[in-house]
Amino acid sequence: MIKTGKEPIPVMTFIAILSVCFIINLPGIAIAPIEGKLKEILHTSELEIQLLTTLPNFIIIPFVLISGKLSAYKHKLLLTYISLVLFIGSGVAYMLTNSMTGLIIISCVIGAANGILIPFAMGFVVNAFSGKYLTRTLGFKSATSNFGTVIASFIVGILIQGGDWHQPFSVYLIAIVPLILAYWLKFIPGFGEKPVTPEKYQLVVSSLDDGKGKRSIDAKKIRGLILNNVWLAFIAFTIVIYLPQLLQGYNWNPKISADLTASFFIFVLLAGFFLERFIKTFQSYSFPLIGLLLTAGIALFIFIKAEWAMYLGSVLAGIGFGICQPLIYDKTSYAIINPQKNIWGLSLVLTALYVAIALQPFIITAIVKIFHVTDENHFAFILSIFIGLAYIIISFLNRKKFPFSIEENYYS
């Protein structure tokens, strides 16, 4: 049995949780490497390629919210099964279709399935664990999700060498593993046969409510965490979105861009494993230091045009983003009063993250057009540096307020 800070759960349940976490970053991972082939083979337009890459990201957003709303009712496990089946079915359909319209529709389906799974995967952890066990497990969850990205990217890289452009899509069949293991998820309190009892709910409300009435979620705290998450994601994803074009402007080998992005995600992965140690060491200065790591990483890409500096920038930014993600979701659990609303509260913060990522290119492009900036990619990095500096100052000055604070229970 695994210690959780609540009721112990079976080892197989813990493995099942991590298996779902492993696949939630996979949608879209097989698309980017074969865009060139798709243009050649299917004679696609630039608009169709843009729809294929961006539409699923927008589809995810409403389904994350829908998932959060549905989680307050029964049938959580049934929804998990359906989402995993759709995920696997999309992988099979990808390998059978020969049209761009088909690829776009399938990408939307897998985006919808993933939108339901994303908050559920987080909810599995929050429902099963508490206290120091929750902090530690959210670090493992983040590391597992990013490890899935790294492994899947490696598999896609091998499969793309084959003659058939459909082969990289077989990576989505990895979802068969969590589907097989999903039976064990029923042993998570609140997800299977052990719902949260009314007595426990009353205890939580009486200890956390401020006397103004029974609330399910502390909206003020959630809003603060949403702002925190969006702020940091905007800085971090500058690397993912704009780095390839920036290096193309430097006339560098495109392979370096892929290696730098891979380095970023590898250190996002590794950061999850020492989340607890980071918090205990830096305590109330954790969020200002996260902002410093991200800002310094971004600055290295712009001010020192050398490979070693850019690899160091990827490492610093990866560590910063890898620490902040599980930490913000851990803090979200403290803003949720009714345990049955865990996934709904998490889905609000997650939705903000995906909205920020989806809208960032449009925001940057709009600013560039308004101010007639000549180099959009260079400007994106410069803007992120100023946003990062503002974050460092504000998070430092407000380090005792909930969105930026590290409570004593984290390091006591």
Side-chain angles (χ1 to χ4, degrees), residues 16 18-35 37-39 41-42 44 48-68 70 75-122 124 144-160 162 164-182 185 347 350-351 354 357-358:
L18 293 183
S19 72
V20 176
C21 297
F22 187 87
I23 69 166
I24 58 174
N25 286 348
L26 299 191
I29 204 162
I31 297 290
I34 63 169
E35 283 183 17
K37 283 192 175 183
L38 292 178
K39 289 180 181 179
I41 298 169
L42 301 180
T44 59
E48 288 174 316
I49 291 292
Q50 287 178 346
L51 286 174
L52 181 62
T53 54
T54 61
L55 192 57
N57 291 330
F58 284 102
I59 292 292
I60 284 176
I61 294 167
F63 278 92
V64 169
L65 286 172
I66 290 169
S67 175
L70 291 175
H75 313 304
K76 300 181 185 72
L77 286 174
L78 178 61
L79 285 168
T80 303
Y81 279 117
I82 291 171
S83 300
L84 289 168
V85 169
L86 286 173
F87 205 103
I88 296 165
S90 298
V92 174
Y94 270 130
M95 292 188 287
L96 296 177
T97 190
N98 286 301
S99 72
M100 178 55 69
T101 302
L103 290 176
I104 293 171
I105 293 171
I106 296 164
S107 294
C108 290
V109 172
I110 201 171
N114 204 50
I116 293 174
L117 285 175
I118 288 168
F120 269 37
M122 193 74 68
F124 295 154
T144 302
S145 299
N146 289 292
F147 183 60
T149 305
V150 172
I151 293 296
S153 299
F154 178 73
I155 294 171
V156 168
I158 294 173
L159 294 174
I160 205 171
D164 189 351
W165 61 270
H166 294 89
Q167 289 182 12
F169 292 113
S170 63
V171 74
Y172 298 125
L173 301 184
I174 295 174
I176 291 172
V177 176
L179 180 63
I180 294 170
L181 296 174
L185 295 173
S347 70
L350 283 162
T351 299
Y354 284 95
I357 294 169

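Hydrogens, waters and symmetry mates are skipped; everything else that's a heavy atom, side chains included, is used.
A heavy-atom distance below 4.5 Å is not found between the side chains of Leu18 and Phe147. In this structure, Ser90 and Phe169 have side chains that are not in contact, with every pair of non-hydrogen atoms separated by 4.5 Å or more. For the pair Phe124/Thr80, a side-chain contact is recorded, criterion being any heavy-atom separation below 4.5 Å from C-beta on.
In terms of heavy-atom proximity, Met100 sits nearest to Leu52 at SD-CD2, 3.9 Å. Taking all atoms of both residues into account, the shortest heavy-atom contact from Cys108 to Ile59 is O-CG2, 3.4 Å. Of all heavy-atom pairs between Tyr172 and Gly91, the closest is CB-CA, 3.9 Å. What you find for Ala113 and Leu86 is that their closest heavy atoms are CB-CB, 3.8 Å. Scanning both residues, Pro119 and Val64, for their nearest heavy atoms gives CG-O, 3.8 Å. The two residues Leu159 and Ser170 make their nearest non-hydrogen contact at CD1-OG, 3.3 Å.
Listed by first and then second residue, the side chain to side chain donor-acceptor pair (under 3.5 Å) pairs involving residues 105-118 are Tyr94-Ser107 (not counting sequence neighbours).
Within 6.0 Å of the CZ atom in Phe154, the count of heavy atoms belonging to other residues, nucleotides or ligands does not exceed 12.
Using modelled atom types, no side-chain atom of Thr144 and backbone atom of Phe22 make a donor-acceptor pair closer than 3.5 Å.
Between atom CD1 of residue Ile151 and atom CG of residue Leu26 there is a gap of 11.0 Å, rounded to the nearest 0.5 Å. In this structure, Ser347 OG and Phe63 CZ are separated by 13.5 Å, a value rounded to the nearest 0.5 Å. The distance from atom CG of Leu79 to atom CD1 of Ile116, rounded to the nearest 0.5 Å, is 6.0 Å. If you take OG on Ser83 and CD1 on Ile88, they are separated by 11.0 Å, rounding to the nearest 0.5 Å. Glu48 CD to Ser99 OG: the interatomic distance, rounded to the nearest 0.5 Å, is 9.5 Å. The distance from the CD1 atom of Ile24 to the CE atom of Met122 is 6.5 Å, given to the nearest 0.5 Å.
With sequence neighbours excluded, the residues that form a side-chain contact (heavy atoms from CB on, under 4.5 Å) with Ile357 are Phe237, Leu353. With sequence neighbours left out, the side-chain contact (heavy atoms from CB on, under 4.5 Å) criterion links Ile105 to Thr101.
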Test side chain to side chain contact (heavy atoms under 4.5 Å, CB included) applied to Ile23 and Leu84, step by step: CA-CA 10 Å; Ile23 69 166; Leu84 289 168; 3.6 Å; yes
